Amino acid sequence: MNGNTYLYILVMAGVTYLIRLIPLILMRKEIKNVYVKSFLYYVPYVTLAVMTFPSILGATASIWSAWAGFITALILAYRGNSLFKVSILACLSVFVFEFFLL
Amino acid sequence: MQLSNLISGKNEQVEEVWAALRDCAPMVLGVVPFGITCGIMGLTANMSGLETILMSVFVFAGASQFIGISMLSAGITGWGIIILTTLLVNLRHLIMGSSLAPYMIKLPFPLQAFLAFFLTDEAYALTISRSYKVRYSELYQLIVSTMIYLVWILATLAGVGLGSYISDPLTWGLDFAMPATFLVLLIPLLKDHISLIVFGIAAVVSVSAALYLPGKWYIIIACVIATSIGGLLEGDNKNAQ
């Protein structure tokens, strides 16, 4: 590596930060347009869905342990269990499935 | 008095702090193996420990750090390609930032600019989920964001320091905690048929697009298609008011 690595890091940091800041610079007033509001209303649903899928099915060593973890998380989440409990038990089910059943 | 408030959790701000710490615990669990991997990857790519850690301190974006390190390792150092790749990998934050902006509009701009630095998938997911279920709280966002940031840096440090002694952290199974947490945040939001349709479309498009598109493009494609359909179905219904 040469001295340019630090500059490289700074450029990456600058670009990353600008992307995070631009919406806050552009959206300085309350949004009145109903369709824009509707669009923004569903952004969290969609972003949470795309951050869950497909990574939940590809985060383990095998697709079967991924399904085991996914079904465990789905049932526990539907029953209203806490974030931490669901995450730990889902990870545990993946571990048990991979360690004992595969 | 403050201690008794802290214990009983009566004070609203104290409640936000507890909620933030409680909610970010599983996210932190998922962040650790990625942070350690980032540290190990930096050293493998012949970056110094300091360079690898500084990248986590200043960039604080997992996916673009992984790609940046791989590019450095492969000797790709053209400025155009670095800027373009970082831009494309992080493009999803433009959508997430737009979704959070209406809540942050009343905050002083310096605080908005400060919070923007910490906007990651995980911090966004927790903050927006809290905003929908309870209310938006800048204190909650600040604590969640800085906790994830600190853990990311500490995990990178651990990767740099213990790299040769640790087997691949991504095989520990802890990275499963992150999508599992996203799922838990999502389920309670699915209360009506439009949200279920939007969720279904997003999941199907995302899985299909991930098979054929490189990098994180599937996120952008699924976001644009599913939110547009959601917006059209919603029209001028109550949620849009």
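Just so we're on the same page: letters track the sequence lines, and every chain starts at 1. Not measured: the values here are computed from a predicted model.
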**Nearest atoms (heavy-atom pairs only) where B:Leu91 meets B:Trp217** = CD2-CH2, 4.5 Å

**Prompt:** Measuring heavy-atom distances to chain A, does B:Met55 have an atom under 4.5 Å in its side chain, in its backbone, in both, or in neither?
**Reply:** both

**Item:** Under 3.5 Å side-chain donor-acceptor pair for B:Glu234 and A:Tyr41
**Value:** no

**Message:** Is A:Leu76 close to chain B through its backbone or its side chain, or both, or neither, when contacts mean heavy atoms under 4.5 Å?
**Reply:** neither

**Prompt:** What part of A:Leu83 gets closer than 4.5 Å to chain B, counting heavy atoms only: side chain, backbone, both or neither?
**Reply:** both

**Message:** Report which part of A:Tyr17 has an atom under 4.5 Å of a heavy atom belonging to chain B: side chain, backbone, both, or neither.
**Reply:** side chain

**Asked** Of the listed residues (B:Ala210, B:Ala101, B:Ser98), which shares the most heavy-atom pairs with chain A below a 4.5 Å separation?
**Response** B:Ser98

**Message:** Taking side chain as everything from C-beta outward and backbone as N, CA, C, O, which of these in A:Ile22 sits under 4.5 Å from a heavy atom of chain B? Side chain, backbone, both or neither.
**Reply:** side chain

**Complete:** Closest heavy-atom pair, B:Leu107 versus B:Gln112, reported as atoms and distance to 0.1 Å, is O-NE2, 3.0 Å

**Message:** Within the 3.5 Å criterion, strictly below it, is a donor on B:Gln65 or B:Ser56 matched to an acceptor on the partner's side chain?
**Reply:** yes

**Complete:** Per-residue tally against chain B (heavy atom, under 4.5 Å) across A:Glu30, A:Lys29, A:Met12 peaks at A:Met12

**Message:** Could you report the tightest heavy-atom contact between A:Phe70 and B:Phe176, atom names first, then the distance?
**Reply:** N-CZ, 3.5 Å

**Message:** Using a 3.5 Å distance criterion without hydrogens, assess whether the side chain of A:Thr47 forms a donor-acceptor pair with backbone atoms of A:Pro44.
**Reply:** yes

**Asked** Given the options B:Ile187, B:Leu94, B:Leu100, which has more heavy-atom pairs under 4.5 Å with chain A than any of the others?
**Response** B:Leu94

**Request:** Would you mind checking which part of B:Leu185 comes under 4.5 Å of any heavy atom in chain A, side chain (CB onward), backbone (N, CA, C, O), both or neither?
**Result:** both

**Fill in**
Under 4.5 Å to a heavy atom of chain A? For B:Ile83 that would be both

**Message:** Could you report the tightest heavy-atom contact between B:Pro102 and A:Leu40, atom names first, then the distance?
**Reply:** CG-CD1, 4.2 Å

**Heavy-atom pairs under 4.5 Å with chain A, option from B:Val207, B:Leu183, B:Ile128, B:Leu190 with the top count** = B:Leu183

**Message:** Can you confirm whether the side chains of B:Thr181 and A:Ser87 place a donor and an acceptor under 3.5 Å from each other?
**Reply:** yes

**Request:** State whether the side chain of B:Thr85 and the backbone N or O of B:Ile82 hold a donor-acceptor pair below 3.5 Å, judged by distance alone.
**Result:** no

**Fill in**
Turns out that what part of B:Leu196 lies under 4.5 Å from chain A's heavy atoms comes down to neither

**Asked** By a 4.5 Å heavy-atom criterion (distance strictly below it), what part of B:Phe60 contacts chain A: side chain, backbone, both, or neither?
**Response** both

**chain B contact via A:Lys85 - which portion, at a heavy-atom distance below 4.5 Å** = neither

**Message:** For chain B, which candidate among A:Arg20, A:Met27, A:Lys32 shows the most heavy-atom pairs at distances under 4.5 Å?
**Reply:** A:Arg20

**Item:** Contact origin within B:Ile105 toward chain A - heavy atom pairs under 4.5 Å
**Value:** side chain

**Request:** Answer with side chain, backbone, both or neither: which region of B:Leu189 has an atom nearer than 4.5 Å to a non-hydrogen atom of chain A?
**Result:** both

**Request:** Output the option from B:Leu232, B:Ile95, B:Leu211, B:Leu87 having the highest count of non-hydrogen pairs under 4.5 Å with chain A.
**Result:** B:Leu87

**Message:** With a 4.5 Å cut-off on side-chain heavy atoms, are B:Met104 and B:Glu138 touching?
**Reply:** no

**Asked** Where is the tightest heavy-atom contact between B:Leu29 and B:Pro33, given as atom of each residue plus distance?
**Response** O-CD, 3.3 Å

